[in-house]
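Okay, structure first, notes after.
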Amino acid sequence: MRRTALPALVLPAAGCLLLLTACGTERPGAAASPASSAAQDCGAGAATGSGPATGDASPGDDEVVVIGTGTAPGAGRTRPCATYSVTNRGTEPFTYTVTFRFLSVQTGTGPANPEETVRDVAPGRTVRRTVTLEGISPDAAGQVRADVLTVRSVPVAEEASEGGACPPTGVRVYADDGDAAMGLRVVGLHLENCGTGPYRLKGYPRVEPLDEAHARPEGVSVLEGGDAIASATGADGPPEQLVLAPGERAQAGLVWRNTVDSVTDGPVNAPYARVWAKPGAAPVMVIPEFDLGTTGKLGVGPWKKEKRR
């Protein structure tokens with residue numbers, strides 16, 4: 001995955017804590033995003049963009065491009081900012097999550113890797129966003145540069161939902177941030193019945209790991225039961241018949257190891273998973289960031305009813 005650094009910003013008395021606020025503009029021919037608001041590009045006199053950043057569509061397709069850097073007016077001082085664009089080169093609407101890294105040129109370190117979400121970009125359309133650095137301390141001089149670390153893209157029709165309006169399916173499906181210890185990874189899949197009637201589940205969700213190009217990686221086995229990978233993860237036990245009343249939730253565990261024990265096979269990384277809660281259910285795409293090492297195995301636990309919060 002390619003990464004592109006923004007041109008370095010010279011900050012008079014630049015600072016330590018970089019907090020980001022984002023706003024967006026739509027260019028002629030660009031698709032509107034529900035999260036966007038009217039704004040100018042980053043500062044008059046912004047530098048020329050430095051080229052493509054990370055993309056997920058396919059090699060050679062650059063979905064995120066740095067437009068330039070400059071300054072934006074602030075309370076009593078100007079603030080450094082950067083403008084970037086997101087282009088959907090696919091055939092259906094996508095929502096993009098872009099992770100940035102802001103670093104001091106002097107020290108090579110930075111306090112945060114903020115994420116920006118650009119929603120509902122139509123096929124063939126481009127959306128611009130401006131990111132502004134807030135909270136700059138006046139007693140730390142130097143330069144700041146910005147990199148794009150990762151770009152993740154999910155079809156709007158398969159976007160996970162943890163809150164907000166209930167999807168037409170009547171259920172919300174999403175993944176949590178998971179736990180990691182000594183190479184063992186456990187991520188929870190969650191399902192909430194946000195509809196008006198009962199929702200029945202039995203057995204295991206169907207989970208399909210996908211690589212950065214949204215394709216199934218070769219040599220990966222999806223196994224029933226978290227105990228196929230490790231014991232005592234909570235993703236074991238026999239499947240049960242569940243009936244979720246409105247407002248009730250269920251959970252299933254995803255378990256894997258990132259062990260690399262082969263010198264000939266490269267590690268497998270699959271950021272995405274397409275999930276079907278049960279046969280006939282609409283698919284939902286989540287981003288568990290599978291780093292499967294060379295094990296090639298993913299364990300999927302059965303659905304279990306969660307206790308009411």
Side-chain angles (χ1 to χ4, degrees), residues 1 31-36 54-58 61 63-64 86-99 115-127 129 150-178 185 187-195 199-201 203-218 220 222 244 249-254 256 268-292 298 300-301 303:
M1 185 175 290
S33 168
S36 68
T54 312
D56 280 334
S58 62
D61 290 331
E63 293 182 318
V64 177
V86 178
T87 300
N88 182 354
R89 302 187 185 279
T91 58
E92 60 181 314
F94 272 83
T95 288
Y96 297 83
T97 302
V98 185
T99 304
E115 285 187 352
E116 292 290 312
T117 299
V118 183
R119 298 190 180 280
D120 200 6
V121 182
R125 299 299 182 90
T126 296
V127 175
R129 290 290 182 268
T150 60
V151 175
R152 298 291 180 247
S153 55
V154 172
V156 170
E158 299 181 33
E159 194 171 351
S161 171
E162 186 174 352
C166 186
T169 59
V171 294
R172 296 189 182 98
V173 178
Y174 61 94
D176 60 33
D177 293 334
R185 312 284 198 251
V187 167
L189 281 178
H190 301 267
L191 183 148
E192 178 189 1
N193 180 1
C194 56
Y199 191 84
R200 291 173 172 79
L201 287 171
Y204 304 85
R206 177 185 167 192
V207 178
E208 181 181 48
L210 301 173
D211 63 19
E212 291 182 357
H214 304 102
R216 180 71 183 263
E218 295 182 0
V220 174
V222 180
L244 302 181
R249 302 168 182 257
Q251 177 177 345
L254 307 178
W256 73 96
V268 174
N269 294 300
Y272 309 101
R274 181 171 278 124
V275 176
W276 292 263
K278 63 181 181 179
V284 173
M285 190 176 293
V286 295
I287 311 177
E289 299 286 351
F290 295 131
D291 54 340
L292 300 172
L298 171 67
V300 178
W303 288 115

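Start at 1 with the first residue, then count along the sequence.
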Give me the atom names and distance for the closest heavy-atom approach of [X] to [Y].
X: Leu210; Y: Arg274; answer: CD1-NH1, 3.7 Å
X: Ala160; Y: Val173; answer: CB-O, 3.3 Å
X: Pro283; Y: Trp276; answer: CB-NE1, 3.5 Å
X: Tyr272; Y: Ser153; answer: OH-N, 2.9 Å

Any heavy-atom pair between the side chains of [Y] and [X] that's under 4.5 Å?
X: Pro205; Y: Lys278; answer: no
X: Pro209; Y: Pro288; answer: no
X: Pro93; Y: Pro155; answer: no
X: Val187; Y: Val286; answer: no
X: Trp256; Y: Asp291; answer: yes
X: Glu159; Y: Pro167; answer: no
X: Phe290; Y: Leu254; answer: yes

Atom pair [atom1] ([X]) and [atom2] ([Y]), whose distance is rounded to the nearest 0.5 Å:
X: Glu158; Y: Met285; atom1: CD; atom2: CE; answer: 4.5 Å
X: Leu191; Y: Arg172; atom1: CG; atom2: CZ; answer: 10.5 Å
X: Tyr96; Y: Asn88; atom1: OH; atom2: CG; answer: 3.5 Å
X: Glu116; Y: Thr97; atom1: CD; atom2: OG1; answer: 10.0 Å
X: Glu192; Y: Cys166; atom1: CD; atom2: SG; answer: 7.5 Å
X: Leu244; Y: Tyr199; atom1: CG; atom2: OH; answer: 8.5 Å

Has [X] got a side-chain atom pairing as donor or acceptor with [Y]'s backbone, closer than 3.5 angstrom?
X: Thr95; Y: Asp120; result: yes
X: Thr87; Y: Arg89; result: no
X: Asp211; Y: Pro217; result: no
X: His190; Y: Glu162; result: no
X: Tyr204; Y: Ala252; result: no
X: Arg129; Y: Val86; result: no

| Salt bridge or not for Arg152 and Glu289, using N-O below 4.0 Å? |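 So Arg152 pairs with Glu289 through a salt bridge.
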
| Stepwise side chain to side chain contact (heavy atoms under 4.5 Å, CB included) check, Tyr174 with Val284 | CA-CA 8 Å; Tyr174 61 94; Val284 173; over 6 Å; no

